[in-house]
Number of protein chains: 2
Amino acid sequence: MQKQNFLTKNQQIVLDLVEKSSQPLKAYSILFNVQKKGLKAPLQVYRALDKLVEIGKIHKIESRNAFVACKNSNCVVSNATAFSICESCEKVTEINNSKLSKYLSNFEDNSGMKYSKYNLEFFGLCKKCKNK
Amino acid sequence: MQKQNFLTKNQQIVLDLVEKSSQPLKAYSILFNVQKKGLKAPLQVYRALDKLVEIGKIHKIESRNAFVACKNSNCVVSNATAFSICESCEKVTEINNSKLSKYLSNFEDNSGMKYSKYNLEFFGLCKKCKNK
DNA sequence: TAATTTATTGTTATATTATAACAATGTGTA
DNA sequence: TACACATTGTTATAATATAACAATAAATTA
Ligand SMILES: [Zn+2]
Ligand SMILES: [Zn+2]
Ligand SMILES: [Zn+2]
Ligand SMILES: [Zn+2]
């Protein structure tokens with residue numbers, strides 16, 4: 001059996017929901033919203049989320065325990081992610097900046113470690129919230 | 001009453017434990033280990049952790065829900081943090097690289113957002129695990 | 001096609017992480 | 001002392017995530 005290169009029903013249902021949302025969704029909020037589609041248990045959602053993260057269709061915002069759809073066509077896997085997070089309205093945006101990603105992907109320190117992946121989260125106030 | 005600029009008993013107990021550990025500790029593992037010192041409830045630990053993070057004495061490894069003592073004397077607050085994480089042995093090291101921190105602290109994109117804080121987590125294999 | 005293998009699903013239960021609410025206590029200030 | 005307010009202790013509960021295992025579906029190969 002070859003490696004799955006399409007989405008299963010549950011994965012598609014979860015992805016559709018996350019993609020429709022303009023903001024990160026929490027796992028149990030996803031669960032609540034897909035119950036009418038037949039996903040009744042947390043594990044069904046978490047398994048779909050795991051796979052979707054793995055293939056880069058969605059990303060996890062670690063500091064928020066929430067999930068957003070990838071808006072960056074380059075993200076075939078979730079191995080180089082950067083986000084901006086407004087600490088007031090919680091708006092989250094995926095940063096798509098080639099200089100930044102190049103800088104971080106090539107980053108080396110003297111630890112002898114080879115980094116294959118990173119996740120960066122910036123925090124601050126978005127334009128809207130700054131002007132309040 | 002002026003703002004507290006010293007550690008309370010509970011905060012000191014938790015900090016001592018986290019500083020003694022060479023690796024990140026989970027909140028409930030901390031709880032278990034400080035019970036003999038009188039901290040019996042999760043909240044007592046979480047409150048101490050919150051304050052210690054706020055003043056930069058410890059940092060939270062978001063992807064692991066774990067806490068490490070700060071090894072970087074510059075970290076008066078936890079507002080510019082970077083870590084390397086071995087995905088095999090889970091060893092975590094705080095990265096202290098002034099070029100990197102300068103680059104990230106000055107990072108701007110076209111979103112109009114002013115970033116006051118960031119957290120970066122690199123993943124890979126440490127020297128030891130790479131050579132296995 | 002039938003048998004085999006493997007991935008995915010469904011389901012129940014439970015583990016892990018974190019916070020709400022509120023009374024009690026301590027500490028600095030007027 | 002009286003007041004304000006930060007910190008603590010305590011119980012309960014919310015929120016996030018995984019273990020275990022039986023059932024089903026899909027791909028492979030005999
Ligand atoms: Zn992406
Ligand atoms: Zn905002
Ligand atoms: Zn630090
Ligand atoms: Zn390692």
Side-chain angles (χ1 to χ4, degrees), chain A residues 1-18 21 23-55 57-68 78 87 90 92 119 121, chain B residues 1-18 21 23-55 57-68 78 87 90 92 119 121:
Chain A
M1 187 188 252
Q2 72 187 54
K3 210 168 173 183
Q4 172 196 316
N5 63 350
F6 56 87
L7 298 182
T8 65
K9 183 170 133 276
N10 288 359
Q11 291 160 11
Q12 191 65 58
I13 289 169
V14 170
L15 179 58
D16 287 347
L17 185 71
V18 177
S21 170
Q23 287 311 297
L25 295 179
K26 305 269 211 160
Y28 276 71
S29 140
I30 293 170
L31 175 59
F32 178 80
N33 280 285
V34 297
Q35 275 177 337
K36 44 182 170 293
K37 306 248 180 184
L39 284 81
K40 287 181 285 193
L43 250 198
Q44 297 177 288
V45 170
Y46 277 106
R47 288 202 274 232
L49 289 171
D50 284 351
K51 176 62 81 169
L52 292 168
V53 166
E54 185 190 325
I55 64 180
K57 289 286 187 182
I58 67 174
H59 303 301
K60 182 173 185 182
I61 309 300
E62 292 287 356
S63 65
R64 299 298 186 261
N65 296 320
F67 300 85
V68 279
S78 296
E87 293 188 293
E90 293 293 322
V92 169
N119 178 55
E121 297 180 3
Chain B
M1 189 188 252
Q2 73 190 54
K3 208 167 175 186
Q4 174 196 314
N5 62 350
F6 55 88
L7 297 182
T8 66
K9 182 169 131 276
N10 289 359
Q11 291 161 11
Q12 191 64 57
I13 289 169
V14 169
L15 179 58
D16 287 347
L17 185 71
V18 177
S21 169
Q23 287 310 298
L25 294 178
K26 305 270 214 161
Y28 276 72
S29 139
I30 293 170
L31 175 59
F32 178 81
N33 279 285
V34 296
Q35 276 178 338
K36 45 183 169 292
K37 306 247 180 183
L39 284 82
K40 285 181 286 193
L43 251 197
Q44 297 177 290
V45 169
Y46 278 106
R47 288 201 276 231
L49 288 171
D50 284 351
K51 176 62 81 171
L52 292 168
V53 166
E54 186 189 324
I55 64 179
K57 289 286 189 183
I58 66 175
H59 302 301
K60 182 174 186 181
I61 309 300
E62 292 287 356
S63 65
R64 299 299 186 260
N65 297 319
F67 300 85
V68 280
S78 296
E87 291 187 295
E90 294 292 323
V92 170
N119 179 55
E121 296 180 4

For [X] and [Y], indicate whether the former's side chain and the latter's backbone hold a donor-acceptor pair under 3.5 Å.
X	Y	answer
A:Gln44	A:Asn10	no
A:Ser78	A:His59	no
A:Gln11	A:Leu52	no

Quiz item: Using rotation axes that map the C1' atoms of four end pairs onto the next four (five pairs an end), what angle separates the end axes of the helix from C:dT1-D:dA30 to C:dA30-D:dT1, to 10°?
Solution: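 Its terminal axes enclose an angle near 30°.
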Could you state the [atom1]-[atom2] distance from [X] to [N], rounded to the nearest angstrom?
X	N	atom1	atom2	result
B:Gln11	D:dA6	CD	P	14 Å
B:Lys51	D:dA6	NZ	P	10 Å
B:Gln12	D:dT8	CD	P	12 Å

Can you name the residues that form a side-chain hydrogen bond (donor to acceptor under 3.5 Å, both in side chains) with [X], not counting sequence neighbours?
X	answer
B:Ser21	none
A:Gln12	A:Asp16
A:Ser63	A:Glu121
A:Glu62	none

Self-check item: Shortest non-hydrogen contact between A:Val18 and A:Phe67, atoms and distance
Solution: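 Where A:Val18 meets A:Phe67 most closely, the heavy atoms are CG1-O, 3.9 Å.
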Quiz item: Under 4.0 Å between a side-chain N or O of B:Thr8 and OP1 or OP2 of D:dA6?
Solution: no
Exercise. Tell me which nucleotide among C:dG10, C:dT8, D:dG9 gets nearest to the side chain of A:Lys9.
Key: C:dG10
According to side-chain contact (heavy atoms from CB on, under 4.5 Å), who are the partners of [X], at least two apart in sequence or on a separate chain?
X	answer
A:Glu90	A:Arg64, A:Ile85
B:Tyr28	B:Leu31, B:Pro42, B:Tyr46
B:Val34	B:Ile13, B:Leu17, B:Ile30, B:Leu39, B:Val45

Quiz item: Nucleotide by nucleotide, 5' to 3', does protein get under 4.0 Å of the base (B), only the sugar-phosphate (S), or neither (-) in nucleotides 10-18 of chain D, counting heavy atoms?
Solution: BB----BBB
Between the protein and nucleotides 23-25 of chain C, list every N/O to N/O distance that falls short of 3.5 Å.
none

